[in-house]
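Computed from a predicted model, the values in this text were never measured in an experiment. Residue numbers start from 1 in every chain, and the chains themselves are labelled A, B, ... in the order their sequence lines are given, proteins ahead of strands.
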Amino acid sequence: MKAVVTVTPKKSVLDPQGAAVAQALAHHGLENIGKVRIGKSIEIELPAGTIDEARLHQLCRDFLSNPVIEDYTFEIVA
Amino acid sequence: MKAVVTVTPKKSVLDPQGAAVAQALAHHGLENIGKVRIGKSIEIELPAGTIDEARLHQLCRDFLSNPVIEDYTFEIVA
Amino acid sequence: MPDPAITPEVIAKHGITPEEYARIQQILGRDPNFTELGVFSVMWSEHCSYKNSKLELKKFPTTGPRVLVKAGEENAGVIDIGDGWAIAFKMESHNHPSAVEPFQGAATGVGGIIRDIFTMGARPVFSLNSLRFGPITDDSAEARTNRRLFAGVVAGISHYGNCIGIPTIGGEVYFDESYAGNPLVNVLNLGILRHDQIARGGAVGIGNPVFYVGAETGRDGLAGAAFASRELTEESKEDRPAVQVGDPFREKLLLEACLELLASGCVAGIQDMGAAGLTCSTCETASRGGTGVEIELDLVPKREDGMTPYEILLSESQERMLVIVKKGQEQTVRDIFEKWDLPYALVGEVKDDGMMRVRHGGQTVVEIPARQLADEAPLYAREAAEKTADFADFAEELSKILSAPSASSAVQKSLVALLADPSIASKRWVWRQYDHMVRLGAAVLPGSDAAVFHVREADKFLAASADCNAIYCRQDPREGARIAVAECCRNLACSGATPLALTDNLNFGNPHKPENFLQLREAVEGMAEACRVFDTPVTGGNVSLYNESPVAAIDPTPTVAVVGLIADPAHITTSAFKQAGDVIILLGDLVENTPAQGMGASHYLKVLHGRKAGSPPALDYDRELALHNALRALIAAGLVRSAHDCSEGGLAVAVAESCLAATPALGASISHLPSSSSGTTSPLVTLFNESQSRVVISVRPENLDATLFQLQQLGVPATRLGEVTSGDTLEISAGPETYRWPLADLHRAWADTIGTLMEG
Amino acid sequence: MRFAVLQFPGSNCDQDAVAAVRSFPGASADLVWHKTNSLAGFDAVIVPGGFSYGDYLRCGAIAQFSPILAAVKEFAAQGGPVLGICNGFQILCESGLLPGALVRNRDLHFLCEHIHLRVETTATPFTKNARPGQVLRIPIAHGEGNYVCDDATLAELENNGQIAFRYTDATGATTEAANPNGSRAHIAGIRNAAGNVLGLMPHPERACDALLGSTDGRVLFESILSS
Ligand SMILES: Nc1ncnc2c1ncn2[C@@H]1O[C@H](COP(=O)(O)OP(=O)(O)O)[C@@H](O)[C@H]1O
Ligand SMILES: [Mg+2]
């Protein structure tokens with residue numbers, strides 16, 4: 001099985017990386033660009049059945065994201 | 001409209017960050033963990049119709065990913 | 001959404017007492033509205049107003065022939081270093097933000113202090129950092145948390161400092177139970193400027209335009225000043241949305257743009273937006289200028305929609321400045337900020353009515369007399385507990401420890417244990433994460449007693465050190481603070497430098513608790529006295545109170561940092577032994593002549609016996625000064641090959657560190673410890689006492705006589721201890737026994753401990 | 001000889017490079033702002049270290065689109081000597097002037113310390129005065145200096161003698177322990193096929209003054225100045 005966790009900066013938190021990329025994209029012809037937010041995409045390969053949703057939530061909170069400044073979502077891909 | 005670009009390190013390329021996370025997860029009870037790969041998730045907000053798929057491919061290739069070490073996929077969310 | 005009504009609960013939530021509220025009503029001649037209440041609450045927080053500490057801070061000496069700008073006048077004091085050059089430097093804490101989010105908390109701490117320095121018109125040249133964490137050694141959940149905080153803070157400092165390109169050249173790190181859950185993160189920045197480049201933070205020139213420059217305002221860091229002025233509790237976690245994220249890249253642009261702007265001559269006044277952001281910068285510049293400032297919030301660049309006046313005014317978004325521009329020169333500002341791709345806006349004007357006036361949506365939302373808001377916060381003389389120090393029990397305990405039959409076998413393992421204690425062990429794991437070489441100035445790399453930096457533009461050599469032994473301060477805050485200053489100046493003397501001035505960061509617990517306030521007062525008085533003795537006026541600093549975890553207050557930690565000048569690069573001296581055959585000499589006494597024999601509050605007691613007990617070593621100013629002067633004289637005469645002061649762990653640790661600091665490591669043979677002291681004194685005392693005013697130097701054998709003669713002339717006791725060897729052991733004869741440690745064992749203990757703990 | 005030292009927003013070793021160049025007789029250096037699009041009148045280009053555009057997205061990724069980079073490409077195409085140091089090396093890789101890429105250090109930490117590197121080729125204008133196999137002691141200061149490339153590229157680099165420096169110990173031996181960042185084949189620096197473009201992670205400009213602990217970086221500048 002494979003879990004794909006997406007971690008994104010919280011809405012109210014400054015995302016300097018996103019802002020810099022937005023500015024660069026604007027210079028590259030995307031003048032009307034809105035917000036750009038850059039997060040992480042984490043792919044975890046595991047033997048099938050190793051992990052359930054509750055445990056994955058816990059790992060996301062404790063390890064894979066920083067709950068102070070980030071939100072996360074995940075998907076379990078068969 | 002919103003484009004969500006996912007950039008992942010190529011399979012053949014060393015991903016030190018992914019390796020470190022895999023090790024940490026293994027210490028925390030996921031003994032049978034396989035590969036962990038850490039990539040980026042880039043959300044771009046744009047006025048509807050600003051960009052077509054071809055142009056987005058080009059931006060991904062030229063700028064948002066480095067084809068030497070990374071692959072990308074994207075989704076256009078209404 | 002309408003503003004909440006002002007109820008007693010709302011007032012209390014803002015940390016404003018009923019008396020303070022009455023005072024606000026009196027100043028305004030009416031009730032404040034909600035926004036104004038928020039403005040008062042941040043300006044009258046401890047963090048901005050120093051209401052609980054100001055009466056104490058007045059005890060510091062702040063003047064001197066080299067002082068060009070006094071502490072408190074502006075963002076940082078400015079000190080003359082000769083030839084028309086000056087330095088501005090100051091230390092600042094980011095303890096509470098780092099407890100909540102170590103990486104960003106520490107990073108934004110670095111950003112904040114750097115802004116304070118370039119606001120003065122100075123180009124930031126280097127940083128130091130002083131860090132404290134709970135223990136990191138075992139496998140407990142608590143130790144894991146402490147390691148996470150430690151790793152995060154170091155990474156945050158590294159991230160911000162490295163990216164902005166300002167070298168972090170020194171600092172200190174200690175680990176102790178008292179900081180569990182409440183780490184201390186104090187950062188110093190120093191900048192260089194010409195005398196005529198000093199910039200002021202006053203809103204002068206009625207009618208002058210007021211510009212906002214730098215990052216857009218967001219909802220981050222809302223009311224951080226108030227946050228810093230409270231104890232950390234479980235509820236503090238709810239303050240988490242207040243976490244600020246730093247952008248060192250933006251700050252680098254802001255730094256370059258501001259220095260360019262200042263050089264253009266169009267600036268009438270400039271002020272960074274730090275704690276309490278736009279609020280603090282507007283009322284402080286108005287107060288300093290003896291004017292009023294009116295700003296229009298609709299014009300402020302914002303990151304988010306729908307922000308209320310309250311949110312905009314109290315936001316602590318980073319990387320922002322307020323600039324008062326000479327009328328008619330607005331275009332210069334626009335050109336420079338466009339060149340650097342930075343947001344800016346003309347947001348207001350200097351007025352003649354002494355008011356801080358804020359407009360939003362066509363209405364006046366704040367109208368407060370600026371001076372009363374910025375400078376007339378209530379001041380409190382808090383109650384101090386009675387002094388109770390009584391170390392009677394300790395003498396007995398100490399004699400038991402030292403007379404135990406195992407004492408002499410204990411020597412062997414004690415040195416290794418001390419070198420492996422994370423507070424003493426090499427901090428290379430930390431400083432190799434900091435770019436300490438950028439700007440081509442690091443003449444002495446981290447790891448020696450003081451960092452030495454060549455300021456290229458001025459061709460001056462500066463030395464800097466940060467110190468505080470908090471065990472001493474816990475046992476006796478007055479003596480501990482005196483020793484902190486003395487040790488800092490001693491570190492400078494060891495490097496060949498003469499101290500110029502000092503900055504401090506007073507980290508204490510809740511001042512409403514009389515025992516904590518006593519500690520604060522004692523430490524300030526001790527520090528002030530020592531500053532007079534060592535002729536180091538205070539250039540500014542910071543007070544961080546309410547450092548308490550749910551368990552207890554931290555040990556009192558009045559960190560000090562001293563900056564000095566090295567007259568000639570030939571005088572630069574380091575702690576590492578240089579060559580086999582050199583003679584090792586101890587300057588100062590082997591053991592102080594007190595019942596505690598320099599063992600009170602020692603690291604030996606803490607590391608080997610888990611005790612923080614006894615009175616700290618006694619500092620004698622005359623001896624200390626004589627030592628510093630002698631060191632500088634010997635160094636200037638070209639006699640000193642290495643110099644290293646005895647601090648935590650005493651003589652044996654100092655000698656071992658000088659061996660291990662050499663590359664490759666050098667051995668030493670200490671064979672001349674006087675028998676009188678080793679006869680009646682336990683070798684544990686001889687080797688590990690922390691008596692003050694002591695330095696281990698090495699000299700070429702042919703210079704031994706000249707050195708001893710000079711020391712005698714200068715009235716500094718000196719003992720020839722032995723020789724530097726090319727062997728692979730450290731060998732010490734104390735009393736009847738000779739102890740031998742393979743250098744490899746010592747090296748492993750000292751060099752690898754922190755890295756191994758952190759990398760697992 | 002006139003050096004252009006490029007200045008991107010976020011460059012922070014630009015002034016250091018200028019100071020180092022100016023310490024050599026007969027060399028002058030000027031900062032060139034990234035919005036400029038010409039390098040007319042310059043004899044050599046240095047792309048200095050730092051964090052161009054904050055190193056956001058990827059190190060060097062945003063800088064490759066600056067107007068000045070087009071001028072650098074043209075300058076290089078005409079055989080002009082180009083030296084990329086640290087972030088400058090990353091920018092040269094991102095912009096395709098050099099092959100491969102630089103990723104996070106093996107242990108994920110930023111590392112600042114003196115290391116040793118071995119000169120692998122003297123066929124560049126920046127190493128021609130060095131001895132082949134000469135071991136230099138020069139500082140590194142980077143978080144992403146871990147060189148990666150695919151097998152084919154590595155083979156090509158090896159076959160063409162394009163590997164300019166490798167990390168070694170003080171005796172000149174390549175070992176895992178002497179490789180600070182996990183770089184493939186211990187690569188510390190490479191050159192392009194023509195030899196006129198050189199990129200390396202270590203900072204030779206920080207090793208030009210005895211006061212700072214090493215003068216081993218001088219040979220790079222002496223080489224180019226003697227050409
Ligand atoms: N511990 C201290 N010792 C000396 N001066 C201090 C101390 N703490 C604060 N000050 C001085 O009080 C003034 C106000 O400090 P602060 O509010 O920290 O300034 P900022 O607005 O830059 O944060 C400064 O000049 C500062 O140097
Ligand atoms: Mg300030």
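For B:Asn66, the side-chain hydrogen bond (donor to acceptor under 3.5 Å, both in side chains) partners at least two apart in sequence or on another chain are D:Glu94. Applying the side-chain hydrogen bond (donor to acceptor under 3.5 Å, both in side chains) test to B:Lys10 and every residue at least two apart in sequence or in another chain returns B:Asp71.
Counting only residues at least two apart or in different chains, ring-ring contact (aromatic ring centres under 6.0 Å, His included) contacts with residues 31-57 of chain A comprise A:His57-A:Tyr72, A:His57-A:Phe74.
The distance from atom CD1 of B:Ile44 to atom CZ of A:Arg37, rounded to the nearest 0.5 Å, is 13.5 Å.
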I'd like to know whether B:Leu64 forms a side-chain contact (heavy atoms from CB on, under 4.5 Å) with A:Val21, so could you lay out the CA-CA distance, the side-chain angles of the two residues, the decisive distance to 0.1 Å, and finally the verdict. CA-CA 9 Å; B:Leu64 297 175; A:Val21 169; 4.1 Å; yes
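Ranked by heavy-atom pairs shorter than 4.5 Å toward chain A, the options B:Ala3, B:Gly18, B:Gly39 are led by B:Gly39. Ranked by heavy-atom pairs under 4.5 Å with chain A, the list B:Lys2, B:Gln17, B:Lys35, B:Lys40 is led by B:Lys35.
Across B:Thr6 and A:Ser41, no two heavy atoms sit closer than the pair CG2-OG, 3.5 Å. Shown here for A:Ile33 and B:Leu46, the closest heavy-atom pair between the two residues is CA-CD2, 3.6 Å.
Contact of A:Leu59 with chain B is made through the side chain alone, with heavy-atom distances under 4.5 Å.
Residues of residues 22-30 of chain B that come within less than 4.5 angstrom of chain A, heavy atom to heavy atom, are B:Ala24, B:Leu25, B:His28, B:Gly29, B:Leu30 in numerical order.
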